[in-house]
2 protein chains.
Amino acid sequence: MSQRGPYAKGVAKREEILGRALEIVARQGYRGASVQVIADAVGLSQAGLLHYFGSKEELFTAILRKRDELDHLSRAAPSDPRDARDAFVQVIAHNSEVPGLVELFSRLAVEAADPEHPAHAYFLERGEVLRETIVATLAQLRRPPALPPETLARIVQAAADGLQLQWLLDPTVDMAATMEALLNALAQEGHP
Amino acid sequence: MSQRGPYAKGVAKREEILGRALEIVARQGYRGASVQVIADAVGLSQAGLLHYFGSKEELFTAILRKRDELDHLSRAAPSDPRDARDAFVQVIAHNSEVPGLVELFSRLAVEAADPEHPAHAYFLERGEVLRETIVATLAQLRRPPALPPETLARIVQAAADGLQLQWLLDPTVDMAATMEALLNALAQEGHP
DNA sequence: GTCTATAAGACGATAGAC
DNA sequence: GTCTATCGTCTTATAGAC
């Protein structure tokens with residue numbers, strides 16, 4: 001059904017390109033990556049690549065969306081709070097393997113401040129979904145928390161993003177361990 | 001003494017330029033600010049401006065250093081933990097008034113991941129000083145904390161940086177209030 | 001759908017006059 | 001110390017052939 005229709009082939013090819021572009025950025029890093037570099041890496045000309053993605057910004061936004069998809073981040077989190085926590089920490093641990101994606105994410109997070117940027121909506125939506133997941137997970141823990149759940153969720157999200165900046169600067173920083181420590185402290189906390 | 005010597009005038013002028021450049025970026029925002037734009041704003045030609053700063057990257061790094069200086073961030077924090085907390089929160093609150101500086105900081109934080117970048121050392125040093133200050137302040141609170149002080153300091157720093165990204169994306173986010181909530185929760189926490 | 005070719009511009013940096 | 005002028009590079013985007 002969804003594989004038929006006039007665009008099926010184009011969409012499939014687009015996904016294939018996206019997958020390879022993702023690997024390239026993840027492995028070789030995002031060194032101010034240009035459309036040309038990605039095009040070479042996926043075996044297309046620059047114009048050929050931009051045929052599938054309207055512009056550079058849309059291309060990189062699509063890469064980030066694809067990454068979330070592969071990270072299962074668009075799915076609902078596990079219902080058991082500890083499983084949800086572990087899944088979150090594992091995504092962060094995996095990020096250490098893909099510095100180029102972390103750099104791309106951080107860079108676009110700044111550029112997407114402009115409401116006209118194609119990634120603006122992406123970051124807004126992603127943040128909301130992430131925080132909602134955190135709130136839902138927190139709701140299953142001991143109550144009442146010391147802070148409003150929405151505030152806690154913002155802090156956890158901020159910590160995750162900020163740890164990426166620290167890790168980019170100094171790769172000896174252990175993002176996953178630090179986040180796990182924070183989440184464990186949050187899980188144990190609350191007024192008796 | 002330090003105002004004499006062959007470089008005194010050049011240094012003074014450099015500082016003057018820096019102060020104006022800081023205002024420009026703070027007020028008009030960093031919109032992919034180029035050397036040209038800053039030069040126009042401070043009333044110099046592009047080459048004239050680069051005479052004082054060797055390169056674009058050094059110029060922007062100097063702006064960030066100047067900002068820290070004006071924020072009294074290079075000084076020792078107040079000895080009373082509550083005063084230290086308030087000072088920290090006030091710096092964050094003030095950041096809401098200077099979006100261009102927040103954007104510049106966040107952007108350079110990513111670019112400075114490259115050890116060759118002129119801002120690399122700046123961000124490393126700034127992070128260390130900030131975390132040491134946080135650790136010293138935490139040491140004056142109830143003990144023992146639920147987490148190692150160094151870990152807590154990393155989390156607080158990460159939260160501050162991450163909140164900036166959230167705020168750039170959505171200016172209705174209250175960075176100062178969120179950070180204050182986090183710090184208050186940390187101050188009250190600990191094993192009885 | 002994919003290419004070549006090129007437009008069209010921005011930018012940082014430097015040379016050299018004054 | 002400050003300028004003008006220019007170089008050289010890199011970039012995205014598009015036009016048009018196949």
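Each chain gets a letter, A, B and so on, in the order its sequence line appears, and its residues count up from 1.
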*Considering only heavy atoms from C-beta outward, does the side chain of A/Ile63 approach that of A/Arg67 to under 4.5 Å?*
no
Gap between atoms [atom1] and [atom2], on [X] and [N] respectively (whole Å):
{"X": "B/Phe60", "N": "C/dC11", "atom1": "CZ", "atom2": "P", "result": "10 Å"}
{"X": "A/Leu49", "N": "D/dA13", "atom1": "CG", "atom2": "P", "result": "11 Å"}
{"X": "A/Glu57", "N": "D/dA13", "atom1": "CD", "atom2": "C1'", "result": "12 Å"}
{"X": "B/Phe53", "N": "C/dT14", "atom1": "CZ", "atom2": "P", "result": "16 Å"}
{"X": "A/Glu58", "N": "D/dT12", "atom1": "CD", "atom2": "P", "result": "14 Å"}
{"X": "A/Ile17", "N": "C/dG1", "atom1": "CD1", "atom2": "P", "result": "10 Å"}
{"X": "A/Gln46", "N": "D/dA13", "atom1": "CD", "atom2": "C1'", "result": "7 Å"}

*Look at all strands and tell whether B/Ser34 reaches a base, only sugar-phosphate, or nothing, counting heavy atoms closer than 4.0 Å.*
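Sugar-phosphate, backbone atoms only, no base.
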_B/Gln36 (side chain) and C/dG12 (base): donor-acceptor pair under 3.5 Å_ = no
_Distance (rounded to the nearest 0.5 Å) between B/Ile24 CD1 and B/Leu101 CG_ = 11.0 Å
_Heavy-atom donor-acceptor pair, B/Gln166 side chain to A/Arg154 backbone, under 3.5 Å_ =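 Yes; at least one donor-acceptor contact below 3.5 Å.
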*asked:* Aromatic contact between B/Phe105 and B/Phe123, with the criterion being ring centroids under 6.0 Å apart: yes or no?
replied: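 Distance test on ring centres: under 6.0 Å, yes.
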